[in-house]
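Order of the sequence lines fixes the chain letters, A, B, ..., with proteins taken first and strands second; residue numbering starts at 1 for each chain.
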Amino acid sequence: MSKPLTISATVMLQLHVIREQRERVLQGLKIRNAKEEDLLRVDQVIALDDQRKEIQTFLDESKAQRNRLSAEIGGLFKQGKREEAETIRTQVTGLKEEIATKEDELKAIQQKLSEGLLQLPNIPHDSVPAGSTDDDNEIHQNWEEPLPTLSEEALPHWELAKKYNVFDLELGTKIAGSGFPVFRGKGARLQRALISFFLDEAAKAGFEEIVPPLLVNEDTARATGQLPDKEGQMYYVERDNLYLIPTAEVPITNIFRDTIVAKKDLPIKLTGYTPCFRREAGSYGAHVRGLNRVHQFDKIEIVQIAHPKESYAVLNHMLDHISSLLNKLELPFRILRLCGGDLGFTSALTFDFEVYSAAQKRWLEVSSASNFETFQSNRLKLRFREEEGAKPQLAHTLNASALALARIIAALLENNQTPEGIVIPKVLRTYTGFDIID
RNA sequence: GGAGGAGUGGCAGAGCGGUUGAAUGCACCGGUCUUGAAAACCGGCAUGGGUGAUGAGCCCAUCGGGGGUUCGAAUCCCUCCUCCUCCGCCA
């Protein structure tokens, strides 16, 4: 087992920000539409930290005293001064008890402190609009051209899937349960083509490809913020105490847990294709039909570790990369800037990409690009040095889907349907080996 | 899954109850020397926390994780994890 995230390390780094920028933290919580109790938690945490420091100081002094006396005993024994040694020994015994009591106190406080801290979300970026639901998200970049219109007979993708044998949800239900599509034939091939296309594009953009574990341990899930916030969202293998990944972000970002990277290596760019598993408990109904929301889907994730001064430029590059993918696939899309209420727990700024699915006449989220600033790296203990010999400081982490497959396929099927069949976008044809699904 | 062995600083590798945060070597950084480089020599080289001014200094903690014995633990005990060797099983 690697070193677990020690409470103190996690606590300290984040805490100094809370202390020094208390107003900003509170302001951020308001933008996130946080509850009153969350606002109160800020001061609770600071108060707990005050207590922690007080006990820490006392404990350090007691221990210093103990260490001094113990060394003395050692010296006296060497000189053969038995009796003097014995006197001091009884003295230390009293100290010991005191230390033990204080240590229990300290542990209890640290426990509370870390629980409190784990419940505080990231501070939103200044540009994040206030708001409570996805209705309050801001359109960052709209689709300027006319949206595709289909004929009266146009079918939603789940009907098309049946017609052309692209995927089979009933079959997935038989084998696993609802929300586990079985792709087959040209559908399976299309899936593989998209994966290859996205990975190749990422490679061209300078991302190193990773094939990570699909199951992760508790430390890993905690470090990227899935625990405790999204525990219910993940499949959990109790017997082995492992979680199925909800996104490749989790194992890939954790590559850097507990590391100090070289500044010259920044930004570090990684990509990986993985299936993603999400319980999506409680979401049923018409809006989640077909591939709109499933328990298992394929996704290519891009992850970057960036210098704090460059992380927002890096985020822009990510937006450009994703835009270019969607343009090449000839899919209409728009970019949203998430409002405080819709912003993920760990994120400072998130842009969502939505493609237009013409038969459903709906926008479907296919990517989410976020800058976590130091929120994840604090938990990860991912640092770099500004210069040789300088104190390590937290790096910024970012990630984005580039892209999530299931909904891309939904949109491709719907938008590209013709009386002859589903037309494959040009860029994919060398990957699929066919031009049309008929 | 069974039996045995091992986990020490960036790496290699000492230490196996008393100034050991930890010898030594390599790597790395700074310097002397050199026309330059190499070699040689000198010096530096962990992380987190407390105190303090986000300085110096002092102090605490950390030798796979957790717990215990002891005045005192890298060193002894328990437990978990990981790795190696052998056997078994296997895509």
_A/Phe345 six-ring centre to A/Lys230 NZ/CZ under 6.0 Å and within 45° of normal_ = no
*A/Leu59 CG to B/G48 P, straight-line distance once rounded to whole Å*: 20 Å
*Starting at atom CG of A/Asp49, determine the distance to atom P of B/G49, rounded to an integer number of angstrom.*
11 Å
*Of the nucleotides B/G18, B/A61, B/G48, which one has an atom closest to the side chain of A/Arg383?*
B/G48
*asked:* Here's a test of your reading of the structure: between A/Glu61 and A/Ile260, which maps to the more 5' nucleotide of RNA chain B?
replied: A/Ile260
_Interatomic distance where CD belongs to A/Glu97 and P belongs to B/G72 [whole Å]_ = 11 Å
*Does A/Asn378 reach the main-chain N or O of A/Thr374 with its side chain, forming a donor-acceptor pair under 3.5 Å?*
no
*So, does A/Ser347 use its side chain to make a donor-acceptor pair with the main chain of A/Leu349 at under 3.5 Å?*
yes
*A/Gln56 side chain: which of B/G49, B/G67, B/G18 is closest?*
B/G49
_Interatomic spacing from CD in A/Glu386 to NE2 in A/His307 - rounded to 0.5 Å_ = 3.5 Å
_d(CG, A/Asp240; C1', B/G1) in whole Å_ = 14 Å
*P gap between B/C26 and B/C42, integer Å*: 12 Å
*Indicate the ring-plane relationship of A/Phe277 and A/Tyr235, choosing parallel, tilted or perpendicular according to the 30° and 60° boundaries.*
perpendicular
*Taking atom C1' in both B/C16 and B/C76, what distance in whole Å separates the two?*
9 Å
*asked:* How many whole angstroms separate atom NE2 of A/His16 from atom C1' of B/G49?
replied: 13 Å
*Expressed in whole Å, how much space separates the P atoms belonging to B/G44 and B/G64?*
27 Å
_Just N and O in the side chain of A/Arg68: are any of them under 4.0 Å from OP1 or OP2 of B/C58?_
no
*Among the nucleotides B/C71, B/C60, B/G49, which one has an atom lying closest to any side-chain atom of A/Val92?*
B/C71
*asked:* If the cut-off is 4.0 Å, is A/Asn67 near the phosphate of B/G18, judged by side-chain N/O to OP1 or OP2?
replied: no
*If you check the A/Lys96 side chain, which of B/C71, B/U51, B/C60 turns out closest?*
B/C71
*Examine distances only and state if a side-chain atom of A/Arg32 and a backbone atom of A/Gly344 form a donor-acceptor pair shorter than 3.5 Å.*
yes
*Using a cut-off of strictly less than 4.0 Å, decide whether A/Arg52 has a side-chain nitrogen or oxygen near OP1 or OP2 of B/G50.*
yes
*Taking CD1 from A/Ile99 and C1' from B/C71, how many angstroms apart are they, rounded to a whole number?*
11 Å
*Using the P atom in both, what is the distance from B/A38 to B/C33, to the nearest Å?*
15 Å
*Proximity to the side chain of A/Ile73 - top-ranked nucleotide from B/C71, B/U47, B/G49*: B/C71
*What dot-bracket string describes RNA chain B from 5' to 3', counting Watson-Crick and G-U wobble pairs whose defining distances are under 3.5 Å, with [ ] for crossing pairs and | for pairs to another strand?*
((((((((.[[[..)..(.....]]].(((((.......))))).((((((.....)))))).[[[[[..)....]]]]])))))))....
*If you check the A/Lys63 side chain, which of B/U51, B/A61, B/C71 turns out closest?*
B/A61
*Could you give me the CA-CA distance, side-chain angles and deciding distance for A/Ser377 and A/Arg383, then say whether side chain to side chain donor-acceptor pair (under 3.5 Å) is met?*
CA-CA 7 Å; A/Ser377 53; A/Arg383 294 161 296 170; over 6 Å; no
_Nearest-angstrom distance, P atom, B/A74 to B/G9_ = 14 Å
*Does one side chain, of A/Arg257 or A/Asn254, offer a donor that lies under 3.5 Å from an acceptor on the other?*
yes
_Distance check, C1' atoms only: B/G65 and B/C28, in whole angstrom units._
30 Å
*NA contact type, A/Leu69, heavy-atom cut-off 4.0 Å: base, sugar-phosphate, or nothing?*
nothing
_For a quick check under 3.5 Å, do A/Gln111 and A/Glu115 share a side-chain donor-acceptor pair by atom type?_
yes
*Smallest separation among heavy atoms of A/Leu291 and A/His157, with atom names*: N-NE2, 2.7 Å
*Starting at CD of A/Glu218 and ending at P of B/C80, how long is that distance when rounded to a whole Å?*
18 Å
*Rounding to the closest angstrom, what is the interatomic distance between B/C84 and B/A23 at atom C1'?*
27 Å
_Taking any heavy-atom pair under 4.0 Å as a contact, classify A/Arg385: base, sugar-phosphate, or nothing._
sugar-phosphate
*Which part of the nucleic acid, if any, lies within contact of A/Ala64, taking any heavy atom under 4.0 Å across all strands shown: a base, the sugar-phosphate backbone alone, or nothing?*
sugar-phosphate
*Using whole Å, report how far CD1 of A/Ile55 lies from P of B/G49.*
18 Å
_Please pick, from B/G49, B/C71, B/G48, the nucleotide with the shortest atom-to-atom distance to any side-chain atom of A/Asp60._
B/G49
_Roughly how many Å apart are B/A6 and B/C60, using the P atom of each and rounding to a whole number?_
33 Å
*Could you pick out which residue, A/Ala71 or A/Glu54, lies toward the 5' side of RNA chain B when each is mapped onto its nearest nucleotide?*
A/Ala71
*Closest to the A/Lys53 side chain: B/G48, B/G18, B/G50?*
B/G50
